[in-house]
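Following: one structure in structure tokens, then a few remarks.
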Amino acid sequence: MLFTMGVCPFTVGLSLMSKYRSHRCNELRKANVDQEVRLAGWIHNKRDHGGVLFIDLRDHYGLTQIVVPPELPFQSELAHMTKESVVSIVGTVKPRPEGSTNPNLPTGEIEVFVTQYELLSKAEPLPMNVFPEDITPEDTRLKYRFLDLRRSKIHKNIVLRSQIIASMRRRMTEMGFNEFQTPILTSSSPEGARDFLVPSRLHPGEFYALPQAPQQFKQLLMVSGFDRYFQIAPCFRDEDARADRSPGEFYQLDVEMSFVTQDEIFAAMENLMTGLFTEFSTAQITPAPFPRIPFAEAMLKYGSDKPDLRIPFTISDATDLFAQSEFKAFAGKTVRVLPVPDIADKPRSFFDELQEQAKLLGAVGLAWITVQPDGSLKGPIAKFITEEAKTQLLARTGAKTGAALFFSADPVELTAAKLLGDMRNYIAAKLDVIDPNVFKFCWIVDFPMFEKDLETGKAAFSHNPFSMPQGGMDALLNQDPLTIKAYQYDIVCNGIELSSGAIRNHVPEIMYKAFEIAGYGPEVVDKKFGGMINAFKCGAPPHGGIAPGVDRIVMLLANEKTIREVIAFPLTQNARDLLMNAPAPATEKQLREVHVTIRKPIKI
RNA sequence: GGAGCCAUAGCUCAAUUGGUUAGAGCGCUGCCCUGUCACGGCAGAGGUUGCGGGUUCGAGCCCCGUUGGCUCCGCCA
């Protein structure tokens, strides 16, 4: 039931393990028949036959059927006991009568005839059922999370999480990594998210920041010569939530290595991921080395820097085919095309619905055509496609009879690419062509070092500013900044970004130059990252790392759609804790102590 | 900051086009039942339809606002 485990090694014969129990609720077998045992747990379910009463007793390990015969004076007490009350019982193990064994239960060949019981904790009628596990609104589940967590499915998820983290630790240690702890009360780090601030009592008007990641500390540990670092690290970012992104806080397997190139980090992570995903899943997994896909190629073929490689169709460019087109919506814009096989005979409503989805994603619409059996093209924009363009489209996309071609067009290349990337995911999900029993990994590499700031038109860091530019100082001095790539990479599994990482920039001169290109003088670097830049001036090893999201890895392995199903006490989308009532106003006394006055937003 | 979906009994849902006393299953309470394991049977309690306003002879249903939850954009690796 909950979590099967072998017979407990600490219990032998009749000797009682504790005041409360001699065995766990998954342990008893035919071999225990005639033993007197003591069990403790929750009343999971009851079946009252008027004469005999059956109780399913549940603990973390499993279920045992307790039999309460009618002649016992306390039978009616037990019969009226609320489900989820906690009891300890003493009784005798008996084999179940022939025909009434339960093969679904590890303990299904025996039952315990109770002789004494003790009520340890009475349960009132509950706001939600623990069993059966009825569908329950998520706010109710979160408010009564302690009940929700008793339910088999999520209880298993949390145990799985614990096992995965234990396995991560073991695997990292075996690869020669040392585990470290780094401060929680610290200063702002370079990730670029909003900080959580903690006011200082001792220093009026000053604040700590909670770490968005232990980024600078792990780099400092490399400068300190520790060579291989890891930490199951809590990270705090005051940003909004998504299904695969917790608001406020989450955990990373934070990793950093000295004297390494990108490939050595990849090898270590491929070893870890392959090990974890083989240990905790029977699904097929991409064999290492995982494919390396340059960022530019990912944006072209998948319209995303986190492609789901399980989807069997990819995007092509068609910009040149429409450059001079009479079709104004395409002419002169970036045009991308996505072929989807075998859907030409779908009803008009199917394509209309995709249009609506594209509009929700901010597009003007989603142009489409289908390939007819006679080789002709059909659909709203078919008349704009020249014979030459048609030949090219079919050749580039490999579209066959019965396929539909979807187009996105936008003056901004990235916008055109992303729309079709989003639609690729949406259409694949709608058509149910994504194999749920496979984990497809890849690396996205060669991220641009800088990107054009759409407001200022100038170069800005497109990622972590601590990454080493490919080509080093030479590239910074002699190359158009927007063409410089960074040693920056992401690892992606089934369309979920598990982590990004980088080879760090450990050379002060290159660091100052990179910041200069992004529009920051050396004084900014010295002020914001003085601790680290000073360290780099005292002999720093080349180093790099990565930080896979623990919650996301567990989510994939638990086959869950949201991260909240693998977190014991998650916040809601609005970053509220419905169980503990956080956040909450502070008292005037508390605020005075930390020298803070409240300035509420003005409502109009 | 923005968009969409949802909110009716403790839980899951129903309630015809806006029309009588808002129904059912599970759970709960009581009774019956000696082999069930989602036990079964009978009876009962349980509702300010999230909250506030409006339209209407009449609102669970229509309109406006608001709160909460979820999904997405922005944001975030």
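Chain letters run A, B, ... following the sequence lines, proteins first and then strands; every chain starts at 1.
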Per [X] side chain, nearest of listed nucleotides [options]:
X: A/Glu111; options: B/C76, B/G35, B/G69; answer: B/G35
X: A/His80; options: B/C31, B/U71, B/C28; answer: B/C31
X: A/Phe54; options: B/C37, B/C70, B/U36; answer: B/U36
X: A/Pro70; options: B/G1, B/G69, B/U34; answer: B/U34

Classify [X] by what it touches in the nucleic acid, base, sugar-phosphate, or nothing, heavy-atom distance under 4.0 Å.
X: A/Phe113; result: base
X: A/Asp139; result: sugar-phosphate
X: A/Thr64; result: nothing
X: A/Arg564; result: sugar-phosphate
X: A/Arg237; result: sugar-phosphate
X: A/Ser100; result: base
X: A/Gln65; result: base
X: A/Thr82; result: nothing
X: A/Glu71; result: nothing

Using purine N1 to pyrimidine N3 plus N6-O4 or O6-N4 for Watson-Crick, or N1-O2 and O6-N3 for G-U wobble, both under 3.5 Å, which nucleotide pairs with [N]?
N: B/U12; value: B/A24
N: B/C33; value: none
N: B/U71; value: B/A3

Answer yes when [X] and [Y] have at least one side-chain N-carboxylate O distance shorter than 4.0 Å, and no when they do not.
X: A/Asp148; Y: A/Arg141; value: yes
X: A/Glu256; Y: A/Arg504; value: yes
X: A/Lys218; Y: A/Asp254; value: yes
X: A/Arg150; Y: A/Glu133; value: no

Donor-acceptor side-chain pairing of A/Tyr302 and A/Glu297 below 3.5 angstrom | no
What is the separation between atom [atom1] on [X] and atom [atom2] on [N], rounded to the nearest whole Å?
X: A/Asp48; N: B/A38; atom1: CG; atom2: C1'; result: 16 Å
X: A/Phe131; N: B/C26; atom1: CZ; atom2: P; result: 14 Å
X: A/Leu578; N: B/G69; atom1: CG; atom2: C1'; result: 8 Å
X: A/Asp238; N: B/G1; atom1: CG; atom2: P; result: 12 Å
X: A/Ile496; N: B/C76; atom1: CD1; atom2: C1'; result: 15 Å
X: A/Gln573; N: B/U67; atom1: CD; atom2: C1'; result: 15 Å
X: A/Gln357; N: B/A3; atom1: CD; atom2: C1'; result: 12 Å
X: A/Arg576; N: B/G69; atom1: CZ; atom2: P; result: 7 Å

Does A/Arg145 count as lying over the ring of A/Phe569, i.e. NZ or CZ under 6.0 Å from the six-ring centre, within 45 degrees of the axis?
-> no
To the nearest 0.5 Å, tell me how far A/Lys440 NZ sits from A/Ile311 CD1.
-> 10.5 Å
Euclidean distance, A/Asn102 CG relative to A/Arg96 CZ, rounded to 0.5 Å | 5.5 Å
Take atom [atom1] in [N] and the same atom in [M], then report the distance between them in whole Å.
N: B/G50; M: B/A45; atom1: C1'; value: 24 Å
N: B/G65; M: B/G2; atom1: P; value: 12 Å
N: B/C61; M: B/U55; atom1: C1'; value: 14 Å
N: B/G18; M: B/C62; atom1: C1'; value: 8 Å
N: B/C6; M: B/G60; atom1: C1'; value: 15 Å
N: B/G40; M: B/G58; atom1: P; value: 47 Å
N: B/U20; M: B/C39; atom1: P; value: 38 Å
N: B/A22; M: B/A9; atom1: P; value: 14 Å

Tell me whether the OP1 or OP2 atom of B/C39 has a side-chain N or O from A/Arg47 closer than 4.0 Å.
-> yes
Does a nitrogen or oxygen in the side chain of A/Arg245 sit under 4.0 Å from OP1 or OP2 of B/C72?
-> no
Where protein sits on nucleotides 9-14 of chain B, one letter per nucleotide: B base, S sugar-phosphate only, - none, heavy atoms under 4.0 Å = -SSS--
Tell me which of A/Leu571 and A/Glu239 sits closer to the 5' end of RNA chain B, going by the nucleotide each one is nearest to.
-> A/Leu571
Is there a donor-acceptor pair closer than 3.5 Å between any side-chain N or O of A/Ser467 and the backbone N or O of A/Ile503?
-> no
Could one point to a donor on the side chain of A/Arg242 or the base of B/G74 with an acceptor on the other under 3.5 Å away?
-> yes
Heavy-atom donor-acceptor pair, A/Asp240 side-chain to B/G74 base, under 3.5 Å | yes
Return each pair, listed once, that meets side chain to side chain donor-acceptor pair (under 3.5 Å) where at least one residue sits in residues 548-563 of chain A; pairs must be two or more places apart or across chains.
-> A/Lys153-A/Glu560, A/Asn157-A/Glu560, A/Arg161-A/Asp551
